[in-house]
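Let me begin by presenting the structure, written as structure tokens, before commenting on it.
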Amino acid sequence: MENFAIAGTTTRQFPLLISASAMIERAARETNLQLGHLDEKRAGAVINAGKKIRQA
């Protein structure tokens, strides 16, 4: 997350922003999976990415 500097600060300084983004991604994943726009393999990749973000 250090790659995204906002006005000279990094997003790491805003843990709630990161958490909210992960929640939005989860909701989008679930919705797209239910609508058939996302297959199980890609949904799993999104889950794993979200876990890595939360652990960072």
Side-chain angles (χ1 to χ4, degrees):
M1 299 309 292
E2 296 297 327
N3 294 342
F4 302 100
I6 301 171
T9 62
T10 62
T11 54
R12 188 173 297 278
Q13 293 173 296
F14 303 99
L16 292 177
L17 175 64
I18 303 302
S19 179
S21 295
M23 284 188 236
I24 292 167
E25 282 295 324
R26 180 178 179 182
R29 180 203 73 227
E30 291 175 11
T31 300
N32 284 315
L33 187 59
Q34 289 175 2
L35 292 173
H37 299 302
L38 187 66
D39 60 45
E40 291 287 339
K41 181 179 178 181
R42 287 186 176 90
V46 174
I47 291 168
N48 289 334
K51 287 178 182 177
K52 288 180 182 180
I53 289 170
R54 286 189 303 272
Q55 292 172 353

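Sequential numbering from 1 along the given sequence is applied to the chain's residues.
Remark: Glu30 pairs with Arg26 by the side chain to side chain donor-acceptor pair (under 3.5 Å) rule, at least two apart or across chains. Under the rule for a side-chain contact (heavy atoms from CB on, under 4.5 Å), Ile24 has no partner lying at least two apart in sequence or in another chain.
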Can you give each donor-acceptor pair under 3.5 Å made by side-chain atoms of residues 41-49, sequence neighbours left out, with the distance rounded to 0.1 Å?
unit_1, atom_1, unit_2, atom_2, d
Arg42, NH1, Asp39, OD2, 2.7
Asn48, ND2, Gly44, O, 3.4

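Between the side chain of Ser19 and the backbone N or O of Pro15, no donor-acceptor pair lies under 3.5 Å.
Shown here for Leu33 and Leu38, the closest heavy-atom pair between the two residues is CD1-O, 3.1 Å.
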